[in-house]
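Reading through the structure tokens given below for one structure.
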Amino acid sequence: MPIPLAELPQQSDEWQKLVDEMAAEDDEVTEYIRNLEQRDDEIDRGAMGATSGDAIAREFERYLRRRDRGGGFGPGGLGPTAGG
């Protein structure tokens with residue numbers, strides 16, 4: 001089964017633009033992205049390799065599901081938001 005790669009660069013640019021727009025509109029998304037980037041940096045420093053795009057997408061989807069249920073960031077990182 002052939003994988004259509006011709007549109008991949010454009011789709012990547014569109015996805016990045018969407019994430020940037022979401023981050024600009026929502027402080028929680030900005031903080032979530034910052035946490036993912038920090039985690040990725042820590043993994044790189046630990047010589048374990050970079051987080052895959054699939055892993056980041058799974059984490060982001062999990063975050064959105066939690067957010068839709070009213071979860072968010074607590075004092076220790078991910079988890080229910082204190083008071084909200």
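These figures come from a predicted structure and were not determined experimentally. The basis for the numbers below is simple: all heavy atoms, side chains too, and nothing from hydrogens, waters or symmetry mates.
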Check against salt bridge (charged side-chain N to carboxylate O under 4.0 Å, His left out), Glu59 and Arg62: CA-CA 5 Å; Glu59 283 290 322; Arg62 199 170 77 183; 3.2 Å; yes
Inter-residue atom distance Arg65.CZ - Phe60.CZ, 0.5 Å rounding: 11.5 Å
Between CG on residue Leu36 and CD on residue Glu31, distance to nearest 0.5 Å: 10.5 Å
N-O pairing of Asp27 and Arg34 below 4.0 Å: no
Sidechain-backbone polar pair: Tyr63 side chain, Tyr32 backbone, donor-acceptor under 3.5 Å: no
Ile33 side, atom CD1; Gln38 side, atom CD - distance, nearest 0.5 Å: 13.0 Å
By salt bridge (Lys or Arg N to Asp or Glu O under 4.0 Å) - contacts of Arg58 (at least two apart): none
Between CD on residue Glu28 and OG1 on residue Thr30, distance to nearest 0.5 Å: 10.0 Å
Pair Arg67-Asp26, side chain to side chain contact (heavy atoms under 4.5 Å, CB included): steps then yes or no: CA-CA 12 Å; Arg67 190 175 105 167; Asp26 189 327; 2.5 Å; yes
Value rounded to 0.5 Å, distance of CG in Asp40 from CD1 in Ile56: 5.5 Å
Scan the side chains in residues 9-24 for donor-acceptor partners under 3.5 Å anywhere in the protein, sequence neighbours excluded, and list what turns up.
residue: Gln10; atom: NE2; partner: Glu14; partner atom: OE2; Å: 2.9
residue: Gln16; atom: NE2; partner: Asp20; partner atom: OD1; Å: 3.0

